[in-house]
Amino acid sequence: MAEHNHDKEDSIFNRRWSAVGHLAVRIILMVMVCIQFNYLGCRQYNTLDLSRNKKFTLSDRTSGFLRQLRGNVKIVSAFLGTSDVLPDVKGLLSEYDRIGGDRISTENLDLSRSRSRITELRDKYKLDLNRDQLVIIGESGRVKMIGSEELVSRDAATGRILEFNGEEKLTSALLEVTEQQQKKVYLITGDRSTGLISIANQLQSLVNAQNARLEQLILRGRQTIPSDADALVFAGNSRDISKGEADLVRNYWEQRKGGLVIFLDPAADTPNLNSILRENGVLPQPDRVLTVPTIPGLAYKKIYNVPVTIMPGFGPTRDLPILALQLMDRTQSLIVQNNDEIYLSRNVKPTPLMISNELFWGETEFEAEEVSYDPDVDNGRPDPVFTAAAIEKGEPGDPDFSKGVSRLVVAGNPNLISPDGNTQKTASDFCMASINWVMNRDQLLGIAPKKPASYNLFMRNSTFGLLQTLIIWVFPTVLLFCGALVWYHRRA
Amino acid sequence: MRTTAIIYMKELRSFFLSPFAFVVMALFTFINGWLFISTVNAMRVTTIPYSLVYNVFSSGWFWMGFLFIFPVITMRLFAEEKKTGTFEGLMTAPVRTGEVLIGKYGAAVTVYLAMLAPLLLFFPVFKMVTGQEDAFHSGAQWGSALILILVGIFNIAIGTLASAVTANQLIAAMLTFVGVMLHYFFGFFVGFATLPDSKWAAGMDYVSTVQHVQLLTQGLIDSRPFVYYLTFSALILSVTWHVIESRKWRI
């Protein structure tokens, strides 16, 4: 009998252990399935950006660039956890990681904690990781570093972040570490007397930020434009180029499909330079864009600082939002023959890029004491007054420009890059978009900086008091009243 | 399905027919109302880069109060049945363990949503009273509602498991509180310098409620938190099912 009971206990014991074993195996399998699901969820995830200003969404340009990225790139974010730039950087990297797929890998390091990894990277790539920065490492070992302050524009007084330029900087850096050769932009010098150094310095930093190099070039005496020139910039040259130099430029632009950016100086007489524009449907006018306020009591004064709107939808401004800008000092108008069959048949497409405020017109008698709009000789009214234009020229019979395209941007104001160093942000954005566009770097166009939202609640004390009463007292009281009702009913 | 609905209704009745439930809800609403008003007041005197929704739900004060409601909601689910001896009757009745589990869990989630509703109503009331359209945007509202629901689903699963493993409501409540607190603090481990290696940090980021809240309350709806909370809730509920079932072979 005792042996029978002993066998029975053994059997129960074995059954229990068997059940425990089964349970353990099942739970382990469930955990593995769960982890697998999460692994897949991490690899193939999606996001929906419902934030204000779409702050987590990359521009179409960057997305397109990332999808066609050549080679693998590693992006290391090395920031202190306290950095106010870090949240935006993290969000940005997450999107680059998601869209770039296997070609982009990201790594977030904390400068104060990830010491071993930082040492490892320092030894491997000879990096100096002592400050908040992004490090972009290309497949070929090419490294680009972006300091945290390059990613933002701050309010000088408060230090508050006004704009986050991370996407533009990061895409540019990716381009740099993956692009076969650095682009080169030549600033045509020798003819401009004032402000050239300041303009060159400003252009230099703008161009460097876009992974290109700026050098100065004097056309006089040259037989050819340097073979590594990707774009030429005429920044308000005060004297004209010679016919031979014009042919050189024309040949460079048409045959070599080089890029041209021309800021015209209305005070300069430049028929040879203008001839290149005239041949392609943009006619610089011998006028000044101005207006005269007709407010009673206000002194008569000609106003030359022109408020203009950058027209989105084409060329360098294709993906930019509608932006306003003020052209300072003297501006000449441009007639853009964008619907002329002659140019279209030659596969030349001139397009206006900037339109002036409707109160302004192109005054030909601008040196007179008193001016007024004369429809016979002046420009504008009701026609729009254009102050910048783009030209695309392809091979005849190649409307899609599949055989290459020559690109040119012209503005009727020499001071878009201000000689006194106070270049407006919109103007520098326009200049860079133009330079990138003429160099056929469409992937760097239209990456507008993200403006962080700022919140401040203005309300009267009485409104705040009402809100306080509703939220703190009325809501809980209603719930307590419901509780009292329940209690009363149950008691009854 | 019908059995599940009956159990679900029974649980809801047992909660809402008690004045205690309304006192808890009123207290929860009062504390969060105070926090909400304090945040509004702070935003009146200074300009900050984050919306009202973000400031309310990213606050540590909010989460300290918020995490207390899960033990309150879930501690009774199974522990009370065990204590009063009705659990044996329930399990020997012609109902499946899964039906009991889903009925009780569903009821707990419903109670949670009912407690959450006044909190989410603060924002439309704010807009109605102040007329300030720019204090936050709808994306942030949707995001915050979603993350609170996801975190709730997950934490209630933890509470259900805790209630299933013990017959003592107090122990169940403490287990739940420790569980949800630990999970919440995973997000801070990255910042506490305990996990310096970046792969671990990435893993901690993935499970971090703090990170999820920061992104969703800014309006970035990401599929990863959905996968994480839903799959792990399902896993915890499966473990709970096994715990309940184990009584059959442990006796």
Side-chain angles (χ1 to χ4, degrees), chain A residues 15-16 19 23 26-27 30-31 33-34 37-38 40-42 44-52 55-56 81 87 91 107-110 112-117 160-161 452-459 463-464 466-468 470-473 475-480 482-484 486-487 490, chain B residues 16-19 21-23 25-27 29-30 33-34 36-37 40-41 43-44 46-52 118 122 125-126 129-130 132 134-135 137-140 142-143 191 193 196-198 201-202 206 214 218-224 227-228 231-232 234-235 238-239 242 246 249-250:
Chain A
R15 262 209 330 266
R16 279 190 179 171
L23 179 62
R26 281 164 81 169
I27 289 177
M30 284 189 313
V31 170
V33 169
C34 187
F37 256 112
N38 280 270
L40 290 174
C42 252
Q44 300 290 329
Y45 67 97
N46 229 322
T47 56
L48 175 65
D49 187 359
L50 301 177
S51 65
R52 180 173 284 175
K55 69 178 274 189
F56 297 103
E107 186 173 356
N108 293 304
L109 299 179
D110 189 316
S112 62
R113 294 184 298 105
S114 314
R115 299 312 305 175
S116 58
R117 180 66 181 141
R160 200 165 59 82
I161 296 174
S454 61
Y455 299 89
N456 186 298
L457 307 179
F458 295 102
M459 67 180 81
T463 311
F464 180 70
L466 175 62
L467 187 71
Q468 197 171 9
L470 279 173
I471 300 285
I472 297 186
W473 302 115
F475 268 87
T477 307
V478 168
L479 288 167
L480 283 177
C482 293
V486 169
W487 176 73
R490 292 198 72 186
Chain B
F16 284 113
L17 289 182
S18 150
F22 289 94
V23 172
M25 285 170 77
L27 188 65
T29 309
F30 175 76
W34 196 307
F36 181 88
I37 288 297
V40 170
N41 200 22
M43 289 178 75
R44 287 173 74 199
T46 181
T47 302
I48 43 179
Y50 295 108
S51 71
L52 179 61
F122 287 171
V125 167
F126 172 87
V129 173
T130 66
Q132 299 236 5
D134 291 334
H137 52 285
S138 60
W142 280 109
D197 185 75
S198 63
Y206 178 69
Q214 283 183 355
Q218 289 185 71
L220 181 69
I221 314 294
D222 190 326
S223 63
R224 285 172 294 182
V227 173
Y228 170 66
T231 54
F232 274 92
L235 175 69
S238 305
V239 174
H242 281 96
S246 71
W249 53 261
R250 276 196 290 155

Open item on the list: Looking at chain A, which one of Leu220(B), Val40(B), Val129(B) has the largest number of heavy-atom pairs inside 4.5 Å, strictly under?
Closed with: Leu220(B)
Task: Contacts of Thr130(B) that satisfy side chain to side chain donor-acceptor pair (under 3.5 Å) - sequence neighbours left out - done: none
Open item on the list: Restricting to side chain to side chain contact (heavy atoms under 4.5 Å, CB included), what partner residues turn up for Ala21(B), sequence neighbours left out?
Closed with: Phe15(B)
Task: Among Ser223(B), Ser18(B), Gly143(B), residue most engaged with chain A (heavy-atom pairs, under 4.5 Å) - done: Ser223(B)
Task: Separation between CZ of Phe126(B) and OG1 of Thr463(A), rounded to the nearest 0.5 Å - done: 10.0 Å
Task: Contact origin within Phe36(B) toward chain A - heavy atom pairs under 4.5 Å - done: side chain
Open item on the list: Looking only at heavy atoms and a cut-off of under 4.5 Å, which of Val239(B), Val227(B), Leu52(B) has the most pairs with chain A?
Closed with: Val227(B)
Open item on the list: Heavy-atom pairs under 4.5 Å with chain B: which of Trp487(A), Phe56(A), Trp473(A) has the most?
Closed with: Phe56(A)
Open item on the list: Measuring only between side-chain heavy atoms, which start at C-beta, is Gln44(A) closer than 4.5 Å to Leu40(A)?
Closed with: no
TODO: Using a 4.5 Å cut-off on heavy atoms from C-beta on, say whether the side chain of Phe30(B) contacts that of Leu479(A).
DONE: no
Open item on the list: Under 4.5 Å from any heavy atom of chain B, what part of Leu480(A) do you find: side chain, backbone, both or neither?
Closed with: both
TODO: Spell out, as yes or no, whether a donor-acceptor pair under 3.5 Å connects the side chain of Arg490(A) to the backbone of Leu17(B).
DONE: yes
Task: Top of Ser51(B), Pro118(B), Gly139(B) for chain A proximity - count of heavy-atom pairs under 4.5 angstrom - done: Ser51(B)
- [ ] Would you mind checking which part of Val31(A) comes under 4.5 Å of any heavy atom in chain B, side chain (CB onward), backbone (N, CA, C, O), both or neither?
- [x] both
Task: Interface residue of largest heavy-atom contact number with chain B, from Ile27(A), Val486(A), Leu467(A), Asn38(A), under 4.5 Å - done: Asn38(A)
- [ ] Pick whichever of Phe458(A), Phe464(A), Phe37(A) has the most heavy-atom pairs under 4.5 Å with chain B.
- [x] Phe464(A)
- [ ] Drop me the distance from Leu466(A)'s CG to Ile471(A)'s CD1, to the nearest 0.5 angstrom.
- [x] 9.5 Å
Open item on the list: Less than 4.5 Å to any heavy atom of chain A: does that hold for the side chain of Phe16(B), its backbone, both, or neither?
Closed with: backbone
TODO: Would you check if Tyr50(B) and Gln214(B) make a side-chain contact, meaning some heavy-atom pair closer than 4.5 Å?
DONE: no
Open item on the list: Does any backbone or side-chain atom of Gln218(B) lie under 4.5 Å from a heavy atom of chain A? Answer side chain, backbone, both or neither.
Closed with: both
TODO: Starting at CE of Met459(A), measure out to CG of Asn41(B) and round the result to the nearest 0.5 Å.
DONE: 8.5 Å
TODO: Sort out for me which of Asn46(A), Leu470(A), Asp49(A), Thr477(A) touches chain B most, counting heavy-atom pairs under 4.5 Å.
DONE: Asn46(A)
